[in-house]
Amino acid sequence: MHWLSLLLVAPLAVLAKDIQKELIALAAAGNGLIRLDANSFDLLTGPNRNWSAAIQFTAMDKRRRCEPCREFDPSWNEVSKAWAGAPKEHRDSHFFATLDFDEGQAVFQSLGLTSAPVVYIYPATEGPRLPPNGKTVPLKYDFSNGFEAGPLAAQISNHTPIPIPYTAPIDWGRWATFIAGFLGFLSVLRFIAPILQNKWTWAVGTILTSLIMTSGYMFTQIRNVPYTGANGQWIAAGYQNMYGQEVQVISLIYGVLAFSFLMLTVIVPYQTSPSRQRLQIYLWMAVIMIVYSVLVTLFKVKNRGYPFRLFL
């Protein structure tokens with residue numbers, strides 16, 4: 001009985017060896033990638049295989065209008081080419097392949113595929129490459145990381161004998177853009193350096209930053225509040241609420257107050273005419289008192305219990 005079993009199994013082992021040799025030749029001819037049709041697909045995914053395979057199901061013909069297929073195909077080719085550089089003893093036990101819709105419509109129908117691209121990983125069904133859990137059902141690749149070659153190589157490496165020796169190519173276009181931008185910045189820097197070194201530039205920048213941070217802009221951005229209320233009201237009730245338009249009004253008020261104080265402290269003391277100096281003092285003090293009165297009034301509108309007022 002034992003000899004009878006050997007006689008039955010031996011032809012299958014020889015056949016599997018022949019199929020594997022044929023697949024190795026096809027992979028070598030395609031620079032690591034096997035171009036499948038319906039017949040070669042059956043050979044690659046046969047029930048008695050001691051190798052694993054990663055297969056891309058795609059539709060590259062322009063008539064199919066599969067833009068994702070054309071976006072993903074270069075990444076698939078890069079990873080399969082990288083696997084072609086793996087040591088032979090490992091390379092020959094895992095294959096990369098592509099089946100186009102126009103070359104295997106029957107296969108697409110049998111698998112129930114209605115979209116592309118799709119990648120299935122077929123584990124080995126026997127031999128040393130048989131998964132430890134014994135599961136041999138095809139595994140579907142997760143495209144949640146996009147169509148980039150790096151995540152693709154990392155995920156498929158979980159099903160290859162050794163990690164895929166993939167190295168991302170140098171993005172010369174990105175480097176060229178960076179270098180051109182850096183050189184452009186250096187050439188512009190000589191013209192804008194006097195502006196950056198001017199104390200008034202930093203003074204204005206500091207004031208604008210202070211106005212943005214104290215007027216409620218960050219509050220509205222974090223909470224994603226509307227620009228105005230449902231009935232067109234632009235002042236939100238309560239100190240814990242604020243509308244976008246309210247922020248702009250508060251910024252304007254703070255800006256006018258800051259500008260008035262700057263005029264009093266920086267410009268007015270240097271006036272040579274006493275009468276002009278006195279007039280400007282009265283003018284900017286009046287502006288401060290009136291605008292500050294408006295600000296206090298806004299506080300009272302937001303909270304009816306606010307006890308203070310100035311002129312209004």
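Source: prediction; values computed, not measured. Numbering of residues begins at 1 and proceeds along the displayed sequence.
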K.L.:
Calculate, to the nearest 0.5 Å, the distance between atoms CG and CG belonging to L111 and L99 respectively.
P.N.:
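Here the interatomic distance stands at 8.5 Å.
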
K.L.:
So, R70 and E67, do they make that salt bridge, N to O below 4.0 Å?
P.N.:
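Judged by the 4.0 Å cut-off on N to carboxylate O distance, R70 and E67 do form a salt bridge.
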
K.L.:
How long is the gap from NE2 on H94 to CD1 on I164, to the nearest 0.5 Å?
P.N.:
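Reported value, rounded in 0.5 Å steps: 6.0 Å.
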
K.L.:
Do V256 and S260 come close enough that some side-chain heavy atom pair is under 4.5 Å?
P.N.:
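A side-chain contact exists here, since the closest heavy-atom pair is under 4.5 Å.
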
K.L.:
For a quick test of reading the model, state the closest non-hydrogen atom pair linking L264 to P269 and the distance between them.
P.N.:
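Closest approach of L264 to P269: O-CD, 3.3 Å.
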
K.L.:
Is there a side-chain contact (heavy atoms from CB on, under 4.5 Å) between L130 and T136 once you walk through the steps?
P.N.:
CA-CA 8 Å; L130 181 68; T136 59; 3.7 Å; yes

K.L.:
Would you say the rings of W76 and F96 are close, in the sense that their centroids are separated by under 6.0 Å?
P.N.:
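Ring centroids of F96 and W76 are less than 6.0 Å from each other.
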
K.L.:
Write down the atom of F41, the atom of V107, and the distance for their closest heavy-atom approach.
P.N.:
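Of all heavy-atom pairs spanning F41 and V107, the closest is CE2-CG1, 3.5 Å.
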
K.L.:
Quick check: are there more than 12 heavy atoms from other residues, nucleotides or ligands sitting under 6.0 Å from CD of E148?
P.N.:
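Not more than 12 within 6.0 Å, no.
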
K.L.:
If Ile, Leu, Val, Met, Phe, Trp and Tyr residues are connected whenever their side-chain heavy atoms lie under 4.5 Å apart, and connections chain through other members, are I34 and I121 in the same group?
P.N.:
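No, I34 does not connect to I121 through the hydrophobic network.
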
K.L.:
Considering only NZ, NE, NH1 and NH2 on the basic side and carboxylate oxygens on the acidic side, decide whether R64 and D102 come within less than 4.0 Å.
P.N.:
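Counted as a salt bridge, because a side-chain N and a carboxylate O are separated by less than 4.0 Å.
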
K.L.:
Looking at M289, is its backbone amide N or carbonyl O close enough to the side chain of S293 to form a donor-acceptor pair, meaning the two atoms are under 3.5 Å apart?
P.N.:
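Judged by distance alone, no pair lies under 3.5 Å.
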
K.L.:
Can you tell me if W202 uses its side chain to pair, donor with acceptor, with the backbone of L196 under 3.5 Å?
P.N.:
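Looks like yes, one N/O pair under 3.5 Å.
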
K.L.:
Less than 4.5 Å apart, any side-chain heavy atom of S273 and any of Q271?
P.N.:
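No - every pair of side-chain heavy atoms lies 4.5 Å or more apart.
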
K.L.:
Please step through side-chain contact (heavy atoms from CB on, under 4.5 Å) for the pair V118 and F143, ending with a clear verdict.
P.N.:
CA-CA 9 Å; V118 175; F143 279 101; 5.6 Å; no

K.L.:
Any chance you could measure I24, atom CD1, to D92, atom CG, to the nearest 0.5 Å?
P.N.:
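Separation between the atoms: 3.5 Å.
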
K.L.:
State, without any angle test, whether Q56 and T98 hold a side-chain donor-acceptor pair at a distance under 3.5 Å.
P.N.:
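Yes, a side-chain donor-acceptor pair sits under 3.5 Å.
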
K.L.:
Heavy-atom distance under 4.5 Å between the side chains of Q248 and L252, does that happen here?
P.N.:
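With C-beta onward as the side chain, the pair stays apart.
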
K.L.:
K300 and V296: side-chain contact (heavy atoms from CB on, under 4.5 Å), yes or no, with the steps?
P.N.:
CA-CA 6 Å; K300 195 171 185 65; V296 173; 5.9 Å; no

K.L.:
May I ask whether Y227 and V249 are part of the same hydrophobic cluster, defined by side-chain heavy atoms of I, L, V, M, F, W, Y residues being less than 4.5 angstrom apart, directly or through others?
P.N.:
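No, no single cluster joins them.
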
K.L.:
Check whether V137 and Y122 end up in the same hydrophobic cluster, where Ile, Leu, Val, Met, Phe, Trp and Tyr are linked by side-chain heavy atoms less than 4.5 Å apart.
P.N.:
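Unlinked, V137 and Y122 end up in two clusters.
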
K.L.:
Pair F101, M60 - check side-chain contact (heavy atoms from CB on, under 4.5 Å), show working.
P.N.:
CA-CA 8 Å; F101 176 78; M60 295 297 292; over 6 Å; no

K.L.:
Using side-chain heavy atoms (C-beta onward) and a distance below 4.5 Å, is W284 in contact with V287?
P.N.:
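Yes, side chains in contact.
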
K.L.:
Answer yes or no: is there a donor N or O on one side and an acceptor on the other, between the side chain of T58 and the main chain of D100, under 3.5 Å?
P.N.:
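It does not hold such a pair.
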
K.L.:
Is there side-chain contact between R35 and L26, with heavy atoms separated by less than 4.5 Å?
P.N.:
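No - every pair of side-chain heavy atoms lies 4.5 Å or more apart.
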
K.L.:
Tell me, with the steps shown, if F261 and F259 meet ring-ring contact (aromatic ring centres under 6.0 Å, His included).
P.N.:
CA-CA 5 Å; F261 279 106; F259 182 76; over 10 Å; no

K.L.:
Ignoring hydrogens and geometry beyond distance, is a side-chain donor-acceptor pair present between Q277 and Y282 at under 3.5 Å?
P.N.:
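Result is no, nothing qualifies.
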
K.L.:
Is there a donor in the side chain of D37 and an acceptor in the side chain of S40, or the other way round, less than 3.5 Å apart?
P.N.:
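Note: D37 and S40 side chains meet the donor-acceptor criterion.
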
K.L.:
Take F108 and F57, measure what ring-ring contact (aromatic ring centres under 6.0 Å, His included) needs, and give me the verdict at the end.
P.N.:
CA-CA 8 Å; F108 274 72; F57 297 88; 5.7 Å; yes

K.L.:
Indicate the atoms forming the closest heavy-atom contact of Q20 with W51, along with that distance.
P.N.:
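Nearest pair, atom of Q20 first, then W51: CB-CZ3, 3.9 Å.
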
K.L.:
Tell me if the aromatic rings of Y120 and Y141 count as close, with their centers under 6.0 Å from one another.
P.N.:
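No, they do not, as the ring centres are separated by 6.0 Å or more.
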
K.L.:
Under the salt bridge (Lys or Arg N to Asp or Glu O under 4.0 Å) definition, can you give me all pairs with a residue in residues 241-255, not counting sequence neighbours?
P.N.:
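Those involving residues 241-255 are E246-K302.
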
K.L.:
Are any side-chain N or O atoms of T125 and backbone N or O atoms of P47, one a donor and one an acceptor, separated by less than 3.5 Å?
P.N.:
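Side chain of T125 to backbone of P47: a pair is present.
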
K.L.:
Among the clusters formed by ILVMFWY side chains lying less than 4.5 Å apart, do F95 and I162 turn up in the same one?
P.N.:
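Different clusters: F95 never reaches I162 through Ile, Leu, Val, Met, Phe, Trp or Tyr contacts under 4.5 Å.
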
K.L.:
With side chains defined as the heavy atoms from C-beta onward, is the minimum distance between V119 and F72 less than 4.5 Å?
P.N.:
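When only atoms from C-beta onward are counted, F72 and V119 do touch, with a gap below 4.5 Å.
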
K.L.:
Minimum heavy-atom separation for A59 and C66, please, with both atom names.
P.N.:
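In this case the closest contact between A59 and C66 is O-CB, 3.5 Å.
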
K.L.:
Is it possible for you to say whether I207 and V247 belong to one hydrophobic cluster, with membership spreading through side-chain heavy-atom contacts below 4.5 Å?
P.N.:
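Both belong to a single hydrophobic cluster.
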
K.L.:
Measure from the side-chain N and O atoms of R129 to the backbone N and O of A124, and report whether any donor-acceptor pair falls under 3.5 Å.
P.N.:
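Here the side-chain-to-backbone pair does not exist.
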
K.L.:
Compare every heavy atom of L257 with every heavy atom of I288, then report the nearest pair and how far apart it is.
P.N.:
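Taking every non-hydrogen atom into account, O-CD2, 3.8 Å.
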
K.L.:
So how far is it from Q155 CD to D142 CG, rounded to the nearest 0.5 Å?
P.N.:
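One gets 5.5 Å once the value is rounded to the nearest 0.5 Å.
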
K.L.:
Among side-chain atoms of H159 and S52, is any donor-acceptor pair under 3.5 angstrom?
P.N.:
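There is no such pair (donor and acceptor under 3.5 Å, judged by atom type) between the side chains of H159 and S52.
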
K.L.:
Work out which heavy atom in P165 is nearest to a heavy atom in W83; give both atom names and the distance.
P.N.:
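Closest approach of P165 to W83, heavy atoms only: CD-CE3, 4.1 Å.
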
K.L.:
Just verifying a value: how many Å separate L36 CG and L23 CG, rounded to the nearest 0.5 Å?
P.N.:
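If I round to the nearest 0.5 Å, the distance is 8.5 Å.
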
K.L.:
Any side-chain heavy atom of I253 sitting closer than 4.5 Å to one from L298?
P.N.:
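Result yes, sub-4.5 Å side-chain heavy-atom pair found.
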
K.L.:
Look at the rings of W175 and F178 and say which category their plane angle falls in: under 30° parallel, 30 to 60° tilted, over 60° perpendicular.
P.N.:
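Judged by the thresholds at 30° and 60°, the geometry between W175 and F178 is perpendicular.
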
K.L.:
How many angstroms lie between CG in L44 and CD1 in I55, if you round to the nearest 0.5 Å?
P.N.:
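Atom-to-atom, L44:CG and I55:CD1 are 4.5 Å apart.
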
